[in-house]
Amino acid sequence: MKKSKENHFDLIYQVVQLIPKGKVTSYGAIANYLGLKSGARMVGYAMNASHTQPDIPAHRVVNRNGVLTGKHHFSNPGEMQEKLEAEGLIIEQDQIKNFPNFFWDPNDLKLDQ
DNA sequence: GATATGACGGCTG
DNA sequence: ACAGCCGCCATAT
């Protein structure tokens with residue numbers, strides 16, 4: 001008997017914790033990796049509730065435009081940008097500059113790289 | 001116990 | 001090229 005009560009939210013949190021420092025990913029990329037039907041929507045819901053989990057680098061998750069959509073959910077607005085800049089990213093107008101250059105896709109875990 | 005709300009993205013016309 | 005619609009889980013009140 002498996003007692004694993006892991007829901008979709010937990011799976012999403014696991015993936016978010018895998019994001020390497022200095023990199024970011026998108027809601028859709030995580031959803032695609034987990035094969036979620038509802039796609040990014042589900043990931044967005046999970047991130048909203050990420051405060052229920054201890055150590056989630058939520059600042060490394062942005063939307064597919066590289067925009068810091070969730071910055072307003074942090075303790076202080078601007079904290080998300082500050083953390084990303086501390087990791088070597090460049091943000092301008094709440095948007096990551098040169099976004100594809102810092103984009104990390106969980107699907108790359110399956111690749112040789 | 002039920003209702004309302006919440007960090008997105010892809011597809012269609 | 002643009003605008004609108006749809007999908008669906010968990011948590012708090």
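This is a predicted model, so every value here is computed, not measured. Reminder, nothing fancy here: chain letters follow the sequence lines and each chain counts from 1.
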### Message
Evaluate A:Tyr45 against A:Ser38 for side chain to side chain donor-acceptor pair (under 3.5 Å), listing each step before the verdict.
### Response
CA-CA 11 Å; A:Tyr45 291 150; A:Ser38 20; over 6 Å; no
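- Taking atom CZ of residue A:Arg64 and atom P of nucleotide B:dC11, one finds them 12 Å apart after rounding to whole Å.
- Here the CH2-CG distance, from A:Trp104 to A:Leu18, works out to 5.5 Å after rounding to the nearest 0.5 Å.
- A:Ala58 comes within 4.0 angstrom of a nucleotide base, judged by non-hydrogen atoms across all strands.
- With DNA chain B read from its 5' end, the first of the two nearest nucleotides for A:Tyr45 and A:Asn65 is the one closest to A:Tyr45.
- In this structure, A:Tyr27 atom OH and B:dG10 atom P are separated by 14 Å, rounded to whole Å.
- Nucleotides C:dC8 and B:dT12 are separated by 16 Å at their P atoms, to the nearest Å.
- Side-chain nitrogen and oxygen atoms of A:Asn7 include none within less than 4.0 Å of the OP1 or OP2 phosphate oxygen of C:dC9.
- Between A:Leu34 atom CG and B:dC8 atom C1' the separation is 15 Å, expressed in whole Å.
- Nucleotide C:dT11 holds its C1' atom 14 Å from the NE2 atom of A:His73, rounded to whole Å.
- Taking atom CZ of A:Phe103 as the reference point, atom C1' of B:dG9 lies 13 Å away to the nearest angstrom.
- The nucleotide whose nearest atom lies closest to any side-chain atom of A:Met42 is, among B:dG9, C:dA10, C:dC8, C:dC8.
- Other residues, nucleotides and ligands place no more than 12 heavy atoms under 6.0 Å from the CD atom of A:Glu82.
- Spacing between atom CG of A:Leu68 and atom P of B:dC8 amounts to 12 Å, rounded to whole angstrom units.
- For A:Arg41 against C:dG7, a side-chain N or O and a base N or O form a donor-acceptor pair under 3.5 Å.
- Comparing A:Thr52 and A:Lys37, the nucleotide of DNA chain C nearest to each residue sits closer to the 5' end for A:Lys37.
- In the set C:dC8, C:dC9, B:dG9, the nucleotide with an atom closest to the side chain of A:His8 is C:dC9.
- A:Asp55 CG: 12 or fewer foreign heavy atoms inside a 6.0 Å radius.
- One interatomic measurement links the two molecules: CG of A:Leu36 to C1' of C:dG7, which rounds to 12 Å at whole-angstrom precision.
- The separation between A:Ile30 atom CD1 and B:dG10 atom P is 13 Å, rounded to whole Å.
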### Stepwise side chain to side chain donor-acceptor pair (under 3.5 Å) test for A:His59 and A:Glu87
CA-CA 11 Å; A:His59 60 280; A:Glu87 296 185 1; 3.2 Å; yes
